[in-house]
Amino acid sequence: MLLSLVLHMYSMRCVLPAAVLLGTAPTYVLLWGAWRLLSAFLPSRFYQAVDDRLYCIYQNMVLFFFENYTGVQILLYGDLPKNKENIIYLANHQSTVDWIVADILAVRQNALGHVRYVLKDGLKWLPLYGCYFSQHGGIYVKRSARFNEQEMRRRLQSYVRAGTPMYLVIFPEGTRYNPELTKVLSASQAFAAQEGLAVLKHVLTPRVKATHVAFDSMKHYLDAIYDVTVAFEGTVDDKGQRKEAPSMVEFLCKECPKIHIHVARIDRKDVPEERAPLRRWLHERFEIKDKLLIEFYDSLDPERRNRFPGESVNSKLSLKKTVPSLLLLGGLTAGMLVTEAGRRLYVKTWVCGTLLGCLWVSVRA
C-alpha cells in the first residue's frame, strides 16, 4: 500500500503545474483582451510592446514550473549571446518540451517576450491559446503542398515593417523525432538517400520551405540564425539505445535531470539566400546536429557520452525572474474565483473565448 501511495504521489507531481498553467489562462486572456481594446486607436508599436511584456510575464510563470519546480539542470554549450537579437531559431524536434527550451534560451537574453513560433496548423484550435499565439505573432503553416508561402511571407514582412522584435522559432524536421517510430525514420532516411543527401541517424531530414520563406522575408532585418541542438539526459534504455524524449507531463514529473543545449550563432551574411543553396546549407547544419547527437548517445568513450563536445556552463534561472509572475497571475486568478461574479466571468472567458477564438481562426483560414 505504501508503495502504491508513493507511485500515486509521483504521478501527481504534474497536477499542480497543469492546474496553475491552465487555470490562469482565462486571466491572461482577459488581461490581453482588455489591452487589445484599449490599444485599438494607438500605434501598433504600443500594442506590441505591452503584448510582449504580458507574454513575458506568462512565460516566466511557465519557466517557474519547467525549471525551478522540476529542478532540471540546464547545461549550455557554444556561443549564446548575452544580448537580445532579431533571429531565427532552428532546432531539432523530439518533444513537446522543445517549445519550452526556446523560452529557456530567450529568457537568458532578456528576449522572452519576443518569442514567436511557426506552428503546425492543427494547433490553432487549442482553446484560448490557439487564437492568442497568432495574435502574438505566431504563424500557422500546413504541410507539403498545402503550405501557404504567400501568407507566411505577408505576415513576416508586416512584422518587419512594424519593427517587431523577432525570435522566430522553427523546427525544420516538421514533426517530432521518435526512435520508436521506425517507419517515419526509414521514410526520412530513404528520402535523403533519394535526393543525394547525407542520411541522418538522430534527427529527421529537414524541410526547407518555412526556413527559406522566413529568411528571405527578413534577411535584411535579422542579425543571425541560432542553430540549436537539444538533448535530454536520461533518454537511453538499459541496452544503451535511445528512447523517446520526455513529454511535458513526464518532464513535470521530474523525469529529466538535465537538458544539454548547444547553440551555434551564424551571422546572417553567412547564410545562402537562394532556395537550393539554402536547402543544402540547412541539411549540412543538420549533419552537424547529427554528429553532436551521435557523440552524445553513441560515443564508445563513457566520459564523452551524455554531453556535447566543448565546455558547458551550468545555467540556473533565478527565482526572482519567475516567482513574481507566478504570484501576479495566480493572485489575480484567485481573486477572480473568490467572488460569484468573478467565477461567472472566469467560466464565460473559457467558453466564449474558446468559441470566439475558433471562429476567428476558421475565418482567417
Side-chain angles (χ1 to χ4, degrees), residues 25 28-29 31-40 42-63 84-91 98-107 109-126 128-142 147-172 209-226 228 268 353 356-357 360-361 363-365:
Y28 181 79
V29 169
L31 287 172
W32 167 76
W35 171 240
R36 193 73 171 117
L37 291 173
L38 288 172
S39 63
L42 297 175
S44 60
R45 66 179 182 274
F46 289 105
Y47 162 74
Q48 193 66 63
V50 175
D51 176 58
D52 284 358
R53 183 57 193 154
L54 288 173
Y55 187 77
C56 182
I57 291 171
Y58 186 82
Q59 293 301 327
N60 270 320
M61 181 183 68
V62 171
L63 288 175
K84 64 183 75 173
E85 301 181 281
N86 289 317
I87 61 107
I88 294 175
Y89 170 113
L90 301 176
D98 292 333
W99 304 102
I100 309 300
V101 174
D103 288 347
I104 286 171
L105 292 183
V107 75
Q109 296 179 276
N110 292 315
L112 187 55
H114 304 162
V115 175
R116 311 177 208 284
Y117 300 103
V118 174
L119 303 144
K120 63 182 180 181
D121 192 64
L123 293 175
K124 69 186 180 184
W125 304 109
L126 284 172
L128 299 183
Y129 297 100
C131 175
Y132 174 72
F133 283 146
S134 178
Q135 292 290 307
H136 181 65
I139 298 172
Y140 292 109
V141 296
K142 297 178 181 178
F147 178 78
N148 191 336
E149 178 177 325
Q150 289 73 25
E151 175 61 18
M152 182 177 178
R153 189 181 298 275
R154 183 191 67 78
R155 292 282 303 277
L156 290 172
Q157 289 175 345
S158 72
Y159 298 146
V160 170
R161 287 193 297 271
T164 304
M166 189 56 64
Y167 203 101
L168 186 67
V169 178
I170 301 176
F171 298 111
K209 283 184 181 179
T211 304
H212 175 253
V213 173
F215 185 71
D216 189 54
S217 301
M218 302 190 295
K219 57 191 174 188
H220 300 301
Y221 186 66
L222 296 171
D223 297 301
I225 285 181
Y226 292 176
V228 180
R268 71 178 183 191
L356 289 173
W360 187 88
V361 295
V363 169
R364 291 291 299 269

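This structure is a prediction, so every number in the text was calculated from the model and none was measured.
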Requested in this report: For Asn60, check side chain to side chain donor-acceptor pair (under 3.5 Å) against everything at least two apart and list the hits.
Outcome: none

Query - Near-ring test Tyr221/Tyr159, centroid separation under 6.0 angstrom - result: no

Query raised in the report: Backbone N or O of Val213 within a donor-acceptor pair of the Arg153 side chain at under 3.5 Å?
Result: no

Report task. Report the distance from atom OH of Tyr58 to atom CG of Leu112, rounding to the nearest 0.5 Å. Result -> 12.5 Å

Requested in this report: Please work out whether the ring planes of Tyr167 and Tyr89 are parallel, tilted or perpendicular, with thresholds of 30° and 60°.
Outcome: tilted

Query - Sequence-distant partners of Leu37, side chain to side chain contact (heavy atoms under 4.5 Å, CB included), two or more places apart - result: none

Report summary line: Nearest heavy-atom contact between Ala91 and Pro172 is O-CD, 3.5 Å

Query - Under-4.0 Å salt bridge between Asp52 and Arg45 - result: no

**Report entry** Side-chain heavy-atom pair Phe133, Leu123 within 4.5 angstrom cut-off
**Finding:** no

Query raised in the report: Does Cys131 offer a backbone N or O that forms a donor-acceptor pair with the side chain of Ser134 under 3.5 Å?
Result: no

Report task. Verify, without hydrogens or angle tests, whether His114 (side chain) and Asn86 (backbone) share a donor-acceptor contact under 3.5 angstrom. Result -> no

Report task. Could you grab the distance from atom CG of Asp121 to atom NZ of Lys142, nearest 0.5 Å is fine? Result -> 5.0 Å

Query - Which residues share a side chain to side chain donor-acceptor pair (under 3.5 Å) with Asp223, sequence neighbours left out - result: none

Query raised in the report: Below 4.5 Å, heavy atoms only, C-beta onward: do Leu128 and Trp32 meet side chain to side chain?
Result: no

**Report entry** N/O donor-acceptor pair under 3.5 Å between Arg116 side chain and Pro165 backbone
**Finding:** yes

Report task. Give, for atom OG1 of Thr211 and atom CD1 of Ile88, the distance between the pair rounded to the nearest 0.5 Å. Result -> 7.0 Å

Query - Point-to-point distance, once rounded to the nearest 0.5 Å, from CH2 of Trp35 to CG of Leu42 - result: 5.5 Å

